[in-house]
Amino acid sequence: MVVKMKIYCNTGDPRLDEMSEQIIRSCAEMLGEIPDDIRFVISCRLEDGKTGEPMILLEDGAPTHSCLSPNCRILKRPYSIKELENTVRILLAAVVGESEKESEPAAEKGQEILPLFDGRRVTFGDITASLTKREAAVFAVLYENKGSAVSREVLCERVWGGETNTNLCDVYVCRLRTALEPVFGKGFLVNIRTEGYMMI
């Protein structure tokens with residue numbers, strides 16, 4: 001299958017750009033039909049991407065950008081080939097899901113390709129992450145409120161039955177990031193200042 005999608009890599013390293021393009025094409029071929037008009041961007045600059053385009057934003061240190069678009073992920077350099085491949089696969093799977101929804105009858109629109117959560121494990125494609133009981137409880141609250149900020153107080157009430165030690169939330173959110181970044185990619189769970197946490 002020939003993938004006609006436009007690929008724009010601007011990592012600052014020509015060899016890395018070439019490797020990144022090969023990874024994107026390989027993942028696209030595995031996933032099947034990718035819309036020809038899609039442009040996939042890997043760059044150090046947020047302005048290189050446009051709203052709705054799948055984009056990986058590279059960071060050398062602490063994140064200076066916030067990717068609030070579901071089609072954007074942040075990778076901190078140096079990153080592994082596997083990490084890049086997983087992130088590309090997740091973003092392209094979302095693109096395929098959007099194109100399938102556009103071709104469905106109106107009554108079926110709104111259905112979304114989502115990770116599977118069985119209470120203790122999160123699976124997306126061929127990637128699975130296992131959670132502890134408490135991690136799963138925190139994930140469940142954030143996941144059911146995906147796209148909306150959840151305060152530490154609400155998390156405490158829902159997970160710990162009203163305990164007010166909000167440091168627990170910070171600890172378990174940190175654990176979730178570590179456990180689930182291979183599934184969702186970096187930047188899937190963001191801190192919203194004064195409001196709490198939001199899963200993108």
Side-chain angles (χ1 to χ4, degrees), residues 3-28 31 34-99 101-102 112-115 122 124-125 127 142-143 145-151 170 173-174 176-200:
V3 178
K4 298 179 180 178
M5 63 184 292
K6 302 176 184 71
I7 301 173
Y8 177 70
C9 298
N10 181 27
T11 68
D13 181 339
R15 290 176 299 177
L16 182 57
D17 286 345
E18 184 179 351
M19 181 199 72
S20 300
E21 182 171 341
Q22 290 175 356
I23 288 174
I24 294 169
R25 291 195 184 281
S26 175
C27 290
L31 282 167
I34 302 289
D36 291 345
D37 59 346
I38 291 297
R39 187 177 79 139
F40 196 112
V41 179
I42 298 181
S43 179
C44 305
R45 301 179 306 179
L46 190 60
E47 56 267 25
D48 285 342
K50 300 175 183 177
T51 304
E53 288 178 345
M55 178 181 186
I56 296 175
L57 181 63
L58 305 178
E59 293 282 4
D60 288 314
T64 56
H65 297 94
S66 178
C67 281
L68 294 181
S69 165
N71 289 336
C72 179
R73 292 289 186 275
I74 296 175
L75 282 185
K76 183 177 178 181
R77 293 190 286 193
Y79 48 84
S80 68
I81 291 177
K82 187 66 175 176
E83 186 178 6
L84 175 60
E85 189 178 57
N86 288 342
T87 304
V88 168
R89 186 179 297 133
I90 290 166
L91 290 170
L92 288 179
V95 168
V96 172
E98 286 299 319
S99 64
K101 283 194 291 182
E102 288 173 6
E112 185 180 358
I113 296 178
L114 296 171
V122 180
F124 190 93
I127 310 170
L142 295 170
Y143 190 57
N145 292 281
K146 188 179 178 185
S148 301
V150 178
S151 70
D170 299 331
V173 165
C174 182
L176 278 183
R177 286 192 175 112
T178 300
L180 295 179
E181 280 179 355
V183 178
F184 292 96
K186 290 189 176 181
F188 80 97
L189 187 54
V190 297
N191 289 24
I192 305 296
R193 190 174 181 181
T194 74
E195 292 186 42
Y197 305 103
M198 181 171 71
M199 187 173 293
I200 298 173

State which residue, out of N191, V190, L142, fulfils the side-chain contact (heavy atoms from CB on, under 4.5 Å) condition with M198. V190

Rounded to the nearest 0.5 angstrom, the CG-NZ distance for D60 and K76 is 9.5 Å

Taking all heavy atoms of C9 and all of E21, pick out the closest pair and write down the distance. SG-N, 4.0 Å

On a heavy-atom basis, which atom in L91 and which in C72 lie closest, and how many Å separate them? CD2-N, 4.0 Å

Output for pair (D170 CG, Y197 OH), nearest 0.5 Å, gives 3.0 Å

For V41 and S43, the nearest pair of non-hydrogen atoms, with its separation, is CG1-CB, 3.9 Å

Evaluate the criterion side-chain contact (heavy atoms from CB on, under 4.5 Å) for residue pair M19 and I81; output intermediate values, then yes/no. CA-CA 9 Å; M19 181 199 72; I81 291 177; 3.8 Å; yes

Who passes salt bridge (Lys or Arg N to Asp or Glu O under 4.0 Å) against D48, sequence neighbours left out? R45

Can you measure from SG (C44) to CD (E59) and round to the nearest 0.5 angstrom? 8.5 Å

Mind checking the CG-CG spacing from L84 to L16? Nearest 0.5 Å is all I need. 7.5 Å

If you look at every heavy atom in L92 and I24, which pair is closest and at what distance? CD1-O, 3.8 Å

Keeping R39 on the side-chain end and E53 on the backbone end, is there a donor-acceptor pair under 3.5 Å? no

Working to the nearest 0.5 Å, report the span between OG1 of T87 and CE of M55. 13.5 Å

Value rounded to 0.5 Å, distance of OH in Y143 from CG in L189: 13.5 Å

Would you name the heavy atoms of F188 and L176 that are closest together and state the gap between them? CZ-O, 3.9 Å

Answer yes or no: is there an ion pair linking E18 with R15, defined by an N-O contact shorter than 4.0 Å? no

Which heavy atom of L57 sits nearest a heavy atom of L46, and at what distance? CD1-N, 3.6 Å

